[in-house]
Number of protein chains: 2
Amino acid sequence: MRRPITPSAHGTIGTPAPMMRGLSRTCGRGGVTLDDTQEARSMTIEKVTMAEVAAKAGVSRSAVSRYFTPGASVSKKTAEKVRLAAEALGFRPNILARSLITGQSRIIGLVIAYLENYFYPEVLEKLSKALQERGYHVLVFMSSQGSETVDDVIQEILDYQVAGLVTASVSLSSELSTRCAALGVPVVLFNRAQDGKGVTCVTSDNADGGRQVARLFTAAGHRRIAYVAGWEQASTQRDREAGFLQGLAEAGQTLFARAVGNYEAAAAKAAARQLFAGKSEAERPDAVFVANDHMAFVVMDVLRFELGLKVPGDVSVVGFDDVPPAAWPAYDLTTVRQDAETMVARTVERLLAQIETPAEASSEPIRMPAPLVLRGSARIPEGWSPPEPEPPQEI
Amino acid sequence: MRRPITPSAHGTIGTPAPMMRGLSRTCGRGGVTLDDTQEARSMTIEKVTMAEVAAKAGVSRSAVSRYFTPGASVSKKTAEKVRLAAEALGFRPNILARSLITGQSRIIGLVIAYLENYFYPEVLEKLSKALQERGYHVLVFMSSQGSETVDDVIQEILDYQVAGLVTASVSLSSELSTRCAALGVPVVLFNRAQDGKGVTCVTSDNADGGRQVARLFTAAGHRRIAYVAGWEQASTQRDREAGFLQGLAEAGQTLFARAVGNYEAAAAKAAARQLFAGKSEAERPDAVFVANDHMAFVVMDVLRFELGLKVPGDVSVVGFDDVPPAAWPAYDLTTVRQDAETMVARTVERLLAQIETPAEASSEPIRMPAPLVLRGSARIPEGWSPPEPEPPQEI
DNA sequence: GAGATTTTTGCAAGCGAGTGCAATTTTGAA
DNA sequence: TTCAAAATTGCACTCGCTTGCAAAAATCTC
């Protein structure tokens, strides 16, 4: 049973706060020992609430609340009074309090595994900007793909009552995705494909990308074609490889050699050595498709600087992602583009649709084209258009 | 005037929820036409609250709350009852509600300007991990250094009742820093120096770094030494340049040429051309200090691939930051190291000290050593230790 | 084992803001 | 001008959780 609380009109609200607001600093006793730190310390923390604004404006709390709520009904007169009072007091609504009642923050959780692969900083930056524009913000969680960790981390995220969840290059246990669904939190898997009710996957057409690389290699006359694989559990790895193999098969070839780089620099280095070190020309590949750019750079470095091979003279190298350094002249890496900009745009679009109008939102996977970007690290077959001088776009 | 935007779908939130809580899912009519999407859609969002746990455990809400509050007093018996009930119901406390009361979330706001400079992804990753370990999380805000934007963005951050604020390579208007102080929100400026009450600055010793580069160049016998400046308003730019000039002066030299790269790739490219293009050997610099690695790569690219100059044969190039690509053999860039790991560690340390024990926390600036990393892009003076083969650390 | 402590526990009052409902005011139409 | 319809306003309850306080239970002391 709850007793009605009668607000005493002239209420002393908290205890002493209101009266000392703003005029509290230790009234300048030019004390010798009162250093800056001390002063800062004794400053009252001022928090302005709606109640105070309402009082100052001479309206009810509801009016103030409505003023700050877009679609709500407030008269011009009231609005103006509130605006003035709020401005004078420097009031800003407490998002947490609002979220408590609406049951939803405007926070999007982002789980991301690593930022060493420069595809992800790009994604993060664009995602954050795009969401910011729509009034949402990104809460970041780093988590490597130990599945236990991921689940824990996602639990933590959910504790923040996030409005949505994006996982970049990290997949979700089906238990967790069920849980998110039950909580009404839409999930987008970015750059990972995965079955699962409700979650939306945004990927590029990895298989097709792989296939195109195979076509490039075979058309260029390569006969000893190798592959450096990414992390075997990743859908991107599987799809890229599958497409690549299929492309080779279409040209009547099979893989000459394979090593696993795990999407990691160290492992990629080892993989490159395994494929190339101490081998005669006939024993080593004459072309290698590396499952992402991040590893491709390492492979190129080993080839050129450790083994003294020419790229593409002795070996053609192709990567995947088209991260910015791929365009740097020192690498000039032929690669398959994943357009971060567009992938992010679609991600945001879908996520917000699911948040704001769940009833009519789709959860079909989104797959983007993955065009081959011809540059100088792979031999170009006769008749193919040569690498255009890169439009005068800035590096 | 900027009003917060509330999700349009006000309607359904507060109405029927409570009564249908938990027992609602469409009692499995295995209907043929009920596809996954439909089912997911009609699922009620289940939220478990403390009250429910309390009821199930046969204790009061307070008991449950205390069970989830570290230092609180709960008997073993009660704790066990609560644990069981909570587990059975899958209960997790709502962080937002907690924050509303404690007046402080465990969220740290991070304002960051750009991720193209690969120093920052490193910082972000490490910062996020370090904070995660201590139970805090990072809310990211991208903001370029238009001062208006920055202030707006920081306002938004404050709306989230963040426990602390880190700005990376972005400076703060003094009005805003005052405001943060008044709100009791500690602020750390990462990689920016700035006077100002209360805010802590974490930087490396930029001036000393610059000075060391000057010593390297002069000791190596360079006579036409140039500088590519960063964004002129940045304290890092000013300090690096000042130290560099002072180092030159100590060796009785002055700057041969200067151009501004603004810390941007495009501008750096233009700067490089301005300094080198179409000039005879005597007219162009024989050494150039570039204010950060991000620009140094671009400068090297222009020198080597556009102008056909040898590095360090014709020109020595030195950068600042020691981002990962600096160690890539294709650049092998001599540079000044800013140790992201340690800088972040100190940042976190200080920030948490200020949050958790404001009374005894210092706000002295933190300055870290900035050692020169000798690699292959700059001529090495006789007698200096040559670039060690990089310890067998992974790329 | 009684009294004095010390621990646990539950009650109820908030934290700051959103919102259904009913009362009030404004606007519109006749 | 008058009355109905529309727009605005305020009240009070609510969101999920923390916490001061006092009552109740457990523990200690001699």
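Each chain gets a letter, A, B and so on, in the order the sequences are listed, and its residues count up from 1.
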Mind checking what makes side-chain contact (heavy atoms from CB on, under 4.5 Å) contact with [X], not counting sequence neighbours?
{"X": "A63(A)", "answer": "V59(A), S60(A), T78(A)"}
{"X": "I108(B)", "answer": "L131(B), Y136(B), A163(B), V166(B), L351(B), I355(B)"}
{"X": "A345(B)", "answer": "none"}
{"X": "I157(B)", "answer": "V111(B), F141(B), V153(B), V162(B), L165(B)"}

Rounded to the Å, how far apart are [X] [atom1] and [N] [atom2]?
{"X": "Y67(B)", "N": "dC17(D)", "atom1": "OH", "atom2": "P", "result": "15 Å"}
{"X": "I101(A)", "N": "dC13(D)", "atom1": "CD1", "atom2": "P", "result": "14 Å"}
{"X": "Q161(B)", "N": "dA17(C)", "atom1": "CD", "atom2": "C1'", "result": "11 Å"}
{"X": "Y160(A)", "N": "dG16(D)", "atom1": "OH", "atom2": "C1'", "result": "16 Å"}
{"X": "R106(B)", "N": "dT18(D)", "atom1": "CZ", "atom2": "P", "result": "12 Å"}
{"X": "Q104(B)", "N": "dG16(C)", "atom1": "CD", "atom2": "P", "result": "14 Å"}
{"X": "K47(B)", "N": "dC17(D)", "atom1": "NZ", "atom2": "P", "result": "9 Å"}
{"X": "R66(B)", "N": "dC11(C)", "atom1": "CZ", "atom2": "P", "result": "11 Å"}

Look at all strands and tell whether V59(B) reaches a base, only sugar-phosphate, or nothing, counting heavy atoms closer than 4.0 Å.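 Contact class for V59(B): sugar-phosphate only.
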Using a heavy-atom distance cut-off of less than 4.0 Å, which residues of residues 72-98 of chain B contact DNA chain C?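 Within residues 72-98 of chain B, the residues near DNA chain C are S73(B), V74(B), S75(B), T78(B).
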Ignoring hydrogens and angles, answer whether the base of [N] and the side-chain atoms of [X] contain a donor-acceptor pair closer than 3.5 Å.
{"X": "S99(B)", "N": "dC15(C)", "value": "no"}
{"X": "T102(A)", "N": "dC15(D)", "value": "no"}
{"X": "R61(B)", "N": "dG14(C)", "value": "no"}

Enumerate the residue pairs fulfilling salt bridge (Lys or Arg N to Asp or Glu O under 4.0 Å) with a member in residues 80-97 of chain B, sequence neighbours excluded, ordered by first and then second residue.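 Of all non-adjacent pairs touching residues 80-97 of chain B, those that pass salt bridge (Lys or Arg N to Asp or Glu O under 4.0 Å) are D159(A)-R92(B), E80(B)-R83(B), R83(B)-E87(B).
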dG10(D) phosphate, OP1 or OP2: any side-chain N/O from S62(A) under 4.0 angstrom?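 Result: no.
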Between F91(B) and Y67(B), is the ring centre distance below 6.0 Å?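 No, the ring of F91(B) stays outside the 6.0 Å limit from the ring of Y67(B), centre to centre.
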Please determine whether a side-chain nitrogen of the Lys or Arg among E125(B) and K129(B) lies less than 4.0 Å from a carboxylate oxygen of the Asp or Glu.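 Looking at E125(B) and K129(B), the cut-off is met.
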My understanding is that only residues two or more places apart in sequence, or in another chain, count here; which of them pass salt bridge (charged side-chain N to carboxylate O under 4.0 Å, His left out) with E156(A)?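 With neighbours one apart ignored, the set is empty.
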Are any protein N/O atoms closer than 3.5 Å to N/O atoms in nucleotides 27-29 of chain C? If there are, list each pair with its distance.
none

Go through the structure and list residues passing side-chain hydrogen bond (donor to acceptor under 3.5 Å, both in side chains) with S174(B), not counting sequence neighbours.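 For S174(B), no residue satisfies side-chain hydrogen bond (donor to acceptor under 3.5 Å, both in side chains) once neighbours in sequence are set aside.
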Select one nucleotide: of dG16(C), dC11(D), dG10(C), the one nearest the side-chain heavy atoms of T49(A).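 Given the options dG16(C), dC11(D), dG10(C), the side chain of T49(A) is closest to dG16(C).
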On DNA chain C, compare the nucleotides closest to L100(B) and S60(B); which residue's is nearer the 5' end?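 This one resolves to S60(B).
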If you measure only the distance, is there a donor-acceptor pair under 3.5 Å linking the side chains of Q161(A) and S99(A)?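 The criterion, which ignores hydrogens and geometry beyond distance, is not satisfied for S99(A) and Q161(A).
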